[in-house]
> 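The following block contains the structure, expressed as structure tokens.
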Amino acid sequence: MAVRDVAKRHLLIFLNMFSVFIARYSLFYNRLKNIEECEGGLDKFTKSYKTFGVNQLEDGGIYCKEWAPGAEAVFLAGDFNGWNPFSHPYKKLEYGKWELFIPPEDGCSPVPHGSKLKVVIRAQNGALLYRISPWARYVVRDEDKVNYDWVHWNPPQSYIHKNPSPKRLKSLRIYESHVGIASPEGKVASYKNFTYNVLPRIKDLGYNCVQLMAIMEHAYYASFGYQVTSFFAASSRYGTPDDLKEMIDVAHSMGITVLLDVVHSHASKNSEDGLNQFDGTDSCFFHSGYRGNHQLWDSRLFDYANWEVLRFLLSNLRMWIEDYRFDGFRFDGVTSMLYHHHGIGTGFSGDYNEYFGLHVDEDALCYLMLANHMINSLHPECITIAEDVSGMPALCRPVAEGGGGFDYRLAMAIPDKWIQIIKELKDEDWNMGNIVHTLTNRRYEEKYIAYAESHDQALVGDKTLAFRLMDAEMYTNMSVLMPLTPIIDRGIQLHKMIRLITHALGGESYLNFMGNEFGHPEWLDFPRIGNNESYHYARRQFNLTEDDLLRYKFLNAFDRDMNKLEERFGWLASPQAYVSEKHESNKVIAFERAGLIFIFNFHPYQSYVDYRVGIETPGKYPFLYCYKILLDSDAGEYGGHQRLDHNTEYFSEEYPHNYRPNSIMVSCLRLVGLKTLQNETISLFTSRISRISSPKVI
């Protein structure tokens, strides 16, 4: 009877989920159908960035269009008319839209390139509000001012892209980056600096994709780009729009895919230089009242059911793809979008009731489906990534299945697990099964991006893995001229092991935040009142890897060779690994993926001789498979102790072990890689002969 009841419950859950997916797809289909019927198609609808805002016509005239449903009147003022607020009124159209045409003057534009503009809104209470157009392409802030100014961007000659976008990648190795901090100097770095100093470094490290944060204009630098004020403007603090276009073009010439960290989950509360109260009302682009405000982020929340909000956001995505040639997006704050509670004070256990019900914002989910459908239809080579901590089912399944349509989702549990282990557990208490479970626990046929740490762990108030492992000794004992202390030795070895097991077992893509690959010391903190507006921690000290007297070079070299090895064998694009061993007392993890064998020894002091490892590859005479080292974390170039002979050959045997038909004997376990001499079958061993655990010293 109990079994029958469980079966009934599972059937009811399945039927409920099935009906929800049908309802979600129906909502998407009806919205898309309405766009097709009322706007002349999705293609035309999402090209609205070419008509809204202020746009130059071929004859030199200017066409202006805005959506301000709460305005009594709309005008355009600026340098071009001596800031007369009433000389250029907009004509009122249906559905809260306003338009203005300014004819050319002697064949030239009446609004010169580089001149300042404002949309003047007469609010319902009669007040005149000077606003930046939501569609503005370029905004700047003078040093002596608090607010940004809207500058008309229409140069005589815009940058022309010379290189095609890279083909869609099978294995994504992502370098998460921030242009402003991409320099050892304490200042706001530029697009030019990133182009000529950072992109070559990314290429050399073996990353094939760069994910750019804080590109959409944000008035508050310390917001890390997550309080967007001008959605269509590339941040001017790093340079001009043409500088960004050149940067992306150069990246494409190197075969590097470029993704934009897009923030459509909320917007800054700024009204003088943001979207808030654009037409003088509390709503317009956002929900009014309590629902339109995020409690924790102190920002405004979009009304995703609104027709013009859909136009604005979908056109925004298309503009970044077509004008700047971005190759896709990482959607920030998806969890906040998906639920009316925005994930605040909510834990997600995986129970399906958490994903289906009235607490889900179906309008927001429908927008994400529309966004992915548009991108896949018009630019199928583009990639989309969801930052969702909740684990919403089918987020990375096709829209046609009722899914969200994303290509990848971030495996956000992995960095939390590494932090929890390092903070709370002794080395001998590490649970191998729990580590493997966290790294492999992902939804069937949904692709995940694995990462040991991202920008979140680098920010002030948190700690990177390197800083957690080595802490204060990073200031005194990272020189090769100093004795290798137990803390530094343990930190360097674990830093490599954690990154490689995450890379190889944790997903179908890999991400690293800039500088963390070499164990960047200290934290990341933007200039603000609390630190006396200092830039000291708002930088990345790449120069540390170039100093032969510092041990940072070892971590940098290992990260590079780890990526190069994946590029060679493509384990990220291979099926999920087969884990043959997660031995709790031995602290050993072994798995196979992409024809490679990975073996990790996390034991704090135990080494092993003649350790048997199960493998799939047959070893029947005369077809013996001989494995050789490919990657060894104990190698001298990675800061290891050089305790393995790389000329050693390991032969497979037809001897079952750990439910694998064959096995090999490994003389000692360290972080190593092996390659067969016959048939190019590849295997990789990952572990170490021993680890130092204070106060015990080997």
Side-chain angles (χ1 to χ4, degrees), residues 27-55 57 61-76 86 88-102 117-137 150 230-232 264 267 271 274-289 291-292 300-319 361-364 366-371 373-374:
L27 179 61
F28 157 78
Y29 176 81
N30 289 330
R31 290 257 167 95
L32 181 62
K33 183 180 179 182
N34 288 338
I35 290 172
E36 296 286 346
E37 293 176 351
C38 301
E39 295 284 348
L42 187 64
D43 181 30
K44 183 179 178 181
F45 185 63
T46 56
K47 279 184 180 177
S48 295
Y49 69 92
K50 294 185 176 182
T51 54
F52 278 73
V54 173
N55 292 278
L57 301 178
I62 293 288
Y63 180 72
C64 312
K65 195 173 187 179
E66 300 293 346
W67 177 62
E72 290 294 319
V74 179
F75 309 89
L76 185 68
F86 305 116
H88 289 78
Y90 283 66
K91 176 185 176 182
K92 189 172 184 178
L93 305 175
E94 290 183 306
Y95 310 115
K97 296 172 192 167
W98 303 77
E99 71 172 0
L100 167 66
F101 172 70
I102 308 176
L117 295 170
K118 287 280 189 180
V119 175
V120 182
I121 302 288
R122 179 184 287 152
Q124 294 174 358
N125 62 4
L128 288 182
L129 308 175
Y130 286 77
R131 298 288 192 246
I132 291 176
S133 170
W135 306 77
R137 300 295 191 87
W150 173 21
S230 291
F231 283 74
F232 287 81
H264 282 182
S271 56
L275 285 184
N276 191 25
Q277 298 181 350
F278 172 68
D279 65 352
T281 68
D282 182 45
S283 53
C284 199
F285 290 94
F286 311 108
H287 291 290
S288 61
R291 189 180 176 189
R300 297 304 313 272
L301 299 172
F302 287 105
D303 179 1
Y304 300 104
N306 188 291
W307 189 271
E308 294 302 324
V309 171
L310 291 178
R311 182 197 306 277
F312 179 79
L313 295 176
L314 292 173
S315 298
N316 186 234
L317 296 174
R318 190 162 181 186
M319 186 278 295
D361 190 336
E362 299 292 348
D363 290 319
C366 182
Y367 160 68
L368 293 172
M369 295 170 73
L370 283 168
H373 173 75
M374 178 201 73

> Please name the pair of heavy atoms, one in F231 and one in A267, separated by the smallest distance, quoted to 0.1 Å.
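Closest heavy-atom pair between F231 and A267: CZ-CB, 3.7 Å.
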> Under the ring pair (Phe, Tyr, Trp, His ring centres under 6.0 Å) rule, collect the residues that match up with H373, sequence neighbours excluded.
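Counting only residues at least two positions away or on another chain, H373 forms a ring pair (Phe, Tyr, Trp, His ring centres under 6.0 Å) with F28.
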> Among all residues two or more places apart in sequence or in another chain, which pass the ring pair (Phe, Tyr, Trp, His ring centres under 6.0 Å) test with W150?
none
> For residues H88 and L100, report the shortest heavy-atom separation together with the two atoms involved.
O-CD2, 3.9 Å
> Hey, can you tell me if F232 and F312 have their rings parallel, tilted or perpendicular (30° and 60° cut-offs)?
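Rings of F232 and F312: perpendicular, over 60°.
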> Applying salt bridge (charged side-chain N to carboxylate O under 4.0 Å, His left out) as the test, list every pair that has at least one member in residues 278-289; sequence neighbours left out.
D282-R300
> With rounding to the nearest 0.5 Å, note down the distance linking CG in D303 to OG in S283.
8.5 Å
> Looking at W135 and G53, what are the two nearest heavy atoms and their distance?
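Nearest heavy atoms, W135 then G53: CB-CA, 3.7 Å.
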> Please identify each residue that fulfils side chain to side chain contact (heavy atoms under 4.5 Å, CB included) with A371, with sequence neighbours left out.
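With neighbours one apart ignored, the set is L314, L317, F331, Y367.
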> Enumerate donor-acceptor pairs with a distance under 3.5 Å from any side-chain N or O in residues 42-50 to protein atoms, sequence neighbours excluded.
from, atom 1, to, atom 2, distance (Å)
D43, OD1, R318, NH1, 2.6
D43, OD1, R318, NH2, 2.6
T46, OG1, L42, O, 2.8
T46, OG1, D43, O, 3.3
T46, OG1, R318, NH1, 2.9
S48, OG, F45, O, 2.7
S48, OG, R311, NH1, 3.1
Y49, OH, E322, OE1, 2.8

> List for me each residue that meets side chain to side chain contact (heavy atoms under 4.5 Å, CB included) alongside N30, sequence neighbours excluded, and say none if there are none.
none
> Atom CD of E308 and atom OG of S315: how far apart are they, to the nearest 0.5 Å?
9.5 Å
